[in-house]
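A short worksheet on the structure shown next.
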Amino acid sequence: MEFEQYVCLSVFVLEFLSSVEAFSRPNIVFILADDLGFNDVGFHGSLQIPTPNIDALASSGIILNQYYGTPLCTPSRSAIMTGKHPIHTGMQNYVIEAGSPYGLPLNEIVLPQHLKELGYQTKAVGKWHLGSFSRPFLPTNRGFESHYGYWLGFKDYYDHTNAENGMWGLDLHDGLEDDWSEFGNYTTRLFTRKAEEIIENHSPEEGPLFLYLAHLAVHSANPHSPLQAPRETVKRFEYIEDKNRRIFAAMVYELDLSIGRVVKKLSQKNLLKDTIIVFSSDNGGPAAGFNQNAASNWPLKGVKNTPWEGGVRMAGLVWANNLEQPGRVYTNLMDMVDWLPTLYGATGANCSSLKGIDGVNHWPTLTGKSDKPPRTKTVHNIDEGFGYGAVRKGPWKLVQGTTYNGDWDKWFGPSGRDNFTIDWKHYKKLIADSDTAKSLARIGARFGHFDKIVSQANVKCSNPPDISNCKPKVKPCLFNIESDPCEYEDVADKHPKKYTELLKLLEDYKHTQVPPRNKPQNPLADPKYFGYVWTYWADYLKI
């Protein structure tokens, strides 16, 4: 009897300690912008579009200045969710188009599933784009307890429909239910409201919160009206002459306001001090009319869906109360695949249990417990459909092939260093007055010197060459990104050993890739057969 009482008491104590451990894990809020350019945030040196809430997080967090992913949204989102390079999940070629019967493989254990095992309440708001043709591929069957948002790659900001390849229908869902009720409500504000409701209703006693807020902003909408923002917000940017850039600026401004509201709600619920916040774009920005959009990656080369820095180098930051030297620039190489082990490690869980992933844990370095660079090489992507591959090792980058016959292998503005009505002195006051800065100040968060942060995070290059000596369709090009971040000069002939080394690295990655999962669109997916709603059409057809 005494033995049985001892065993029962021991079990109770263990369960209690496990419960306490689960509740002490940090909340995680992952905010993913869509198609935001490297140069579309203040902390990279542009004042054309004020982003005071994002910059407040940067001033009190850590800017990820060597932060990379793939140049398109489906591959990059698969990398976040799996911790694997898209070449290892079959998600490397282009994106999942509406009506395509495939998705992220179901045998992949994704981030919310890992966190759910640790006791997290897992909630998603916004874009999915990892498969929606059949119910098992939807977010609520991939570890998220709830999802409010859309399943495809883009939609209208007001009527919430997706028009793609001659098909059209509603793409706004609350779990598996279609939501027609939000017609006319601007998507960025709608998703912000849904995120605030999740935070407001969160009960810490039920476990820590993982909120994945994947905005539509600032992706272009349907082709007939690609750039959309509230008129009153657009009026704020009358000083921007280019109409498309002016509307884009309003879209970014609304995104920034969203971040301020989310941080403010975390503060109001006394959750902020125990929360990790990640802000990231999903790929480089579509500049100069690419995808009918007006982002800026200046001074980096290229745009979205190109292998150049403007396609694969992203704006990103992380904020938490226990970061080492907050308000600084992190120059270690980081890839999107690293988020899964980094956030998993941040919870106190043992990353050695994560098997077969490509990501590495940066949390010990970010929190000052290690000074060893977690990553020294990566593959930006290998897309044999478009015909390119790009790898990085140390400061060296090799690019083989390109996209769109090289038409976007250029440097596009605007620089954002002119055509604005505010100076740095007043801009710092704008940051201090933001919802984010005020919320952080309430919990005693430390801030770095924004001028110093910007000078360190700002990429500076001379004027682009009239003619580049890089011809990637003829011969792979080699760049030293440390000394030539804008990829002006192919130095393959000057560094033949490095060229050979990087070429071998690319070939090694090629030998590990799995076949792409892409499948052609099925016309039977057309929403006209389902009440003009994009749905899990294959389940009805039993294919």
Side-chain angles (χ1 to χ4, degrees), residues 21-23 25-32 34 69 73-84 86 89 91 96 103-132 134-151 173-176 191 194-195 197-199 201-204 206-215 262 266 271 274-280 282 318 320 336-351 353-359 361 363 536:
E21 180 184 9
F23 294 160
R25 298 188 194 279
N27 304 301
I28 300 171
V29 176
F30 197 117
I31 304 172
L32 190 63
D34 199 337
C73 45
T74 291
S76 65
R77 288 159 205 271
S78 74
I80 292 170
M81 288 294 158
T82 65
K84 294 183 179 181
T89 59
M91 306 301 288
I96 300 176
L104 184 66
L106 296 178
N107 63 330
E108 297 292 345
I109 302 174
V110 295
L111 178 58
Q113 291 172 313
H114 286 293
L115 294 179
K116 195 168 177 60
E117 290 182 352
L118 299 177
Y120 276 79
Q121 303 292 300
T122 55
K123 312 289 184 177
V125 175
K127 180 173 176 176
W128 179 237
H129 210 195
L130 291 173
S132 57
S134 181
R135 275 172 288 191
F137 291 86
L138 294 174
T140 49
N141 289 312
R142 304 303 298 264
F144 285 109
E145 296 169 2
S146 68
H147 171 250
Y148 184 92
Y150 62 112
W151 298 338
H173 316 272
D174 189 351
L176 299 181
F191 288 169
K194 294 297 181 179
E197 289 172 2
I198 288 171
I199 296 168
N201 295 326
H202 176 67
S203 175
E206 296 178 359
L209 173 66
F210 171 51
L211 171 59
Y212 175 62
L213 174 55
H215 271 291
V262 169
L266 288 167
L271 297 172
D274 299 316
T275 297
I276 297 168
I277 301 174
V278 174
F279 173 77
S280 170
D282 62 341
V318 60
M336 283 188 122
V337 298
D338 298 332
W339 283 121
L340 191 152
T342 297
L343 295 175
Y344 193 78
T347 70
N350 189 348
C351 288
S353 65
L354 302 173
K355 305 297 183 184
I357 66 171
D358 299 308
N361 180 12
W363 200 248
Y536 35 88

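Below, all heavy atoms of this structure are taken into account, side chains as well, without hydrogens, waters or symmetry copies. Quick caveat: nothing in here was measured; it's all calculated off a predicted structure.
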Which heavy atom in [X] sits nearest to a heavy atom in [Y], and how many Å separate them?
X	Y	value
Pro341	Gly359	CG-C, 3.5 Å
Cys351	Asn361	SG-ND2, 3.7 Å
Ala195	Val262	CB-CG2, 4.2 Å
Asp282	Arg77	OD2-NH2, 2.9 Å
Asn141	Pro136	CB-O, 3.6 Å
Gln121	Gly207	CG-O, 4.0 Å

If you measure from [atom1] on [X] to [atom2] on [Y], what distance do you get to the nearest 0.5 Å?
X	Y	atom1	atom2	value
Glu117	Ile109	CD	CD1	6.5 Å
Lys127	Trp151	NZ	CH2	15.5 Å
Phe210	Glu145	CZ	CD	11.5 Å
His129	Ser78	NE2	OG	11.0 Å
His147	Arg142	NE2	CZ	13.5 Å
Met336	Thr342	CE	OG1	12.5 Å

When you compare the side chain of [Y] with that of [X], does any pair of heavy atoms fall below 4.5 Å?
X	Y	result
Leu106	Phe137	yes
Asp34	His215	no
Pro112	Met81	yes

Could you work out, with side-chain contact (heavy atoms from CB on, under 4.5 Å) as the rule, every residue matching [X], not counting sequence neighbours?
X	value
Thr82	Lys84, Thr89, Leu104, Glu108, Val110
Ala349	Arg25, Leu118, Tyr344, Thr347
Leu271	Asn27, Ile199, His202, Pro204, Leu266, Lys269, Thr275

Start with the C-alpha gap between Val337 and Ile357, add the side-chain angles, then the distance that decides, and say whether side chain to side chain contact (heavy atoms under 4.5 Å, CB included) holds.
CA-CA 8 Å; Val337 298; Ile357 66 171; over 6 Å; no

Yes or no on side chain to side chain contact (heavy atoms under 4.5 Å, CB included) for Trp363 and Val318, after CA distance, side-chain angles and deciding distance?
CA-CA 10 Å; Trp363 200 248; Val318 60; 4.2 Å; yes

Describe, in one word, how the ring planes of Phe30 and Trp339 are oriented to each other, choosing from parallel (under 30°), tilted (30 to 60°) and perpendicular (over 60°).
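Answer is perpendicular, since the angle exceeds 60°.
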
Which word best sums up how the rings of Phe191 and Tyr148 line up, parallel for under 30°, tilted for 30 to 60°, or perpendicular for over 60°?
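Taking Tyr148 first and then Phe191, their aromatic rings stand perpendicular (interplane angle over 60°).
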
Can you check side chain to side chain contact (heavy atoms under 4.5 Å, CB included) on Met91 and Ile96, steps first, answer last?
CA-CA 9 Å; Met91 306 301 288; Ile96 300 176; 3.8 Å; yes

